[in-house]
Amino acid sequence: MSAIATSSTPRHRRQPARDRRRRLQKSPPGVVLQITQPRGDRLLSVPTKQARPYGIISDPQGRPWVALLGTNKLASVDPETMKLTEIDLPRMDARPRRVARTSDGQIWYVDYAESYLGSYDPNTKKIREWQTPGGRSGPYAMTADDKNRIWFVETIPHPNQLIGFNPATGQFLSQSNIPSGGGSVRHMVFDPQTNTIWFGTDTQRMGRARLPD
């Protein structure tokens, strides 16, 4: 099981609404923003309407992989041609929210709406899925560790649950309570130097989970 510790963080003073508005720039819905040099910003349209590009990672080849939260799709972009490719997930009501990658090149995702963990193989195009342990659990934050294990947080249960999964066996291997309850754990990252996961919670706390060897 994971050992999880959380600590309170000080609240920062909110910027006045008028000042915040000055800093905001509206972008067209359903687009991926590319920062290039020397030409500046470039936008790639996502073919599916209301796709809502959300969780994103990049692979060693420089390709971004994106969860399209507004639909049942993932997407990737070829950095050389800038061609965007959508990948249909098996269930129409799926809503992928976060993505991760293991060293074998598999792209992993959590389906927030229907509570599945899934993997996509870019070489074979094969998709595999597993129902999360908590049933309707709202899996959200996710990451992969240096042993190619997948970790994600179920956010509908209270307290939130940190779940581990071993792709080699196809089995869930760990389940731990988030001590503060979590509210919703939306982001987390793995630190290979300490074999820990750092995460933030809606309860105004930072947390660290020590993973099993």
Side-chain angles (χ1 to χ4, degrees), residues 1-9 52-58 65-70 72-74 89 91 93-103 106-120 127-213:
M1 298 291 288
S2 314
I4 302 178
T6 58
S7 62
S8 299
T9 54
R52 295 184 64 193
Y54 204 81
I56 185 170
I57 59 169
S58 62
W65 294 87
V66 189
L68 302 181
L69 179 59
N72 65 323
K73 298 180 181 182
L74 306 176
L89 301 182
R91 293 163 294 100
D93 291 331
R95 293 296 180 268
R97 197 150 201 170
R98 294 282 186 234
V99 284
R101 182 184 180 276
T102 45
S103 64
Q106 298 283 314
I107 304 301
W108 293 81
Y109 61 89
V110 285
D111 169 10
Y112 182 83
E114 294 202 312
S115 303
Y116 279 83
L117 171 68
S119 71
Y120 171 72
I127 294 175
R128 297 181 298 164
E129 293 189 319
W130 297 262
Q131 182 83 58
T132 59
R136 184 176 178 274
S137 60
Y140 203 152
M142 77 179 307
T143 191
D145 67 20
D146 56 2
K147 300 177 180 62
N148 284 336
R149 298 174 298 188
I150 303 298
W151 300 88
F152 63 92
V153 175
E154 296 180 326
T155 59
I156 289 179
H158 185 81
N160 285 187
Q161 301 290 304
L162 174 64
I163 307 294
F165 179 80
N166 186 348
T169 63
Q171 300 293 319
F172 293 97
L173 56 87
S174 179
Q175 182 170 342
S176 303
N177 292 340
I178 304 297
S180 68
S184 285
V185 177
R186 303 169 189 267
H187 296 281
M188 59 188 191
V189 295
F190 173 68
D191 177 11
Q193 299 300 318
T194 58
N195 194 39
T196 59
I197 288 173
W198 286 93
F199 60 90
T201 77
D202 284 354
T203 57
Q204 300 298 319
R205 288 175 170 83
M206 291 290 296
R208 181 178 64 181
R210 296 188 182 277
L211 302 185
D213 294 329

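In what follows, every heavy atom counts, from backbone to side chain, and hydrogens, waters and symmetry copies are set aside.
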Please list all pairs meeting salt bridge (Lys or Arg N to Asp or Glu O under 4.0 Å) that have one or both residues in residues 155-176, counting only residues at least two apart or in different chains.
none

Restricting to non-hydrogen atoms, name the atom on S180 and the atom on T201 that form the minimum distance, rounded to 0.1 Å.
OG-OG1, 4.1 Å

Do W65 and L74 touch side chain to side chain, with heavy atoms closer than 4.5 Å?
no

Do V110 and P96 make a side-chain contact, defined as non-hydrogen atoms from C-beta onward lying under 4.5 Å apart?
no

Output all residues satisfying side-chain contact (heavy atoms from CB on, under 4.5 Å) with S137, sequence neighbours left out; order by chain, then residue number.
S115, T132, P139, E154, P157

Minimal heavy-atom distance between I163 and P133, with the atoms involved, is CG2-CG, 4.0 Å

So do L117 and F152 actually touch side chain to side chain, heavy atoms under 4.5 Å?
yes

Rounded to the nearest 0.5 angstrom, the CD-OH distance for E129 and Y120 is 13.5 Å

Could you work out, with side-chain contact (heavy atoms from CB on, under 4.5 Å) as the rule, every residue matching S184, not counting sequence neighbours?
T155, R186, D202

Donor-acceptor pair, E114 side chain versus Y112 backbone, under 3.5 Å?
no

From K73 atom NZ to Y109 atom OH, the distance as rounded to the nearest 0.5 Å
14.0 Å

Go through the structure and list residues passing salt bridge (charged side-chain N to carboxylate O under 4.0 Å, His left out) with R136, not counting sequence neighbours.
none

Sorted by chain and residue number, the side-chain hydrogen bond (donor to acceptor under 3.5 Å, both in side chains) partners of H187 (sequence neighbours excluded) come out as R98

side-chain contact (heavy atoms from CB on, under 4.5 Å) filter on L69, not counting sequence neighbours, yields R52, Y54, R95, R97

Between I150 and P167, what is the shortest heavy-atom contact and its length?
CG1-CG, 4.2 Å

List for me each residue that meets side-chain hydrogen bond (donor to acceptor under 3.5 Å, both in side chains) alongside Q106, sequence neighbours excluded, and say none if there are none.
D121

Taking all atoms of both residues into account, what is the closest heavy-atom pair of P53 and L68, and its distance?
CA-CD2, 3.8 Å

By side-chain hydrogen bond (donor to acceptor under 3.5 Å, both in side chains) - contacts of N148 (at least two apart):
S103

Among all residues two or more places apart in sequence or in another chain, which pass the side-chain contact (heavy atoms from CB on, under 4.5 Å) test with T194?
D191, T196

Only counting residues at least two apart or in another chain, list the ones meeting ring pair (Phe, Tyr, Trp, His ring centres under 6.0 Å) with Y116.
none

Just how far is it from atom CZ of R210 to atom CD1 of I197, taken to the nearest 0.5 Å?
12.5 Å

Taking only residues two or more places apart in sequence, or in another chain, which ones meet F190 in a ring pair (Phe, Tyr, Trp, His ring centres under 6.0 Å)?
none

Does a side-chain heavy-atom distance below 4.5 Å link Q161 with I178?
no

Side-chain touch V153/Y140, heavy atoms, less than 4.5 angstrom:
no

Gap between atom OG1 of T143 and atom CZ of R101 - 0.5 Å precision:
13.0 Å

Can you tell me how far the CD1 atom of I107 sits from the OG atom of S119, to the nearest 0.5 Å?
10.0 Å

Between the side chain of N166 and the main-chain N/O of Q171, is any donor-acceptor distance below 3.5 Å?
no

Going by heavy atoms in the side chains, are N195 and K147 under 4.5 Å from each other?
yes

Evaluate the side-chain proximity of L89 to D111: yes if any heavy-atom separation is below 4.5 Å, no if none is.
no

Which residues pass the side-chain hydrogen bond (donor to acceptor under 3.5 Å, both in side chains) test with D145, not counting sequence neighbours?
R149, W151

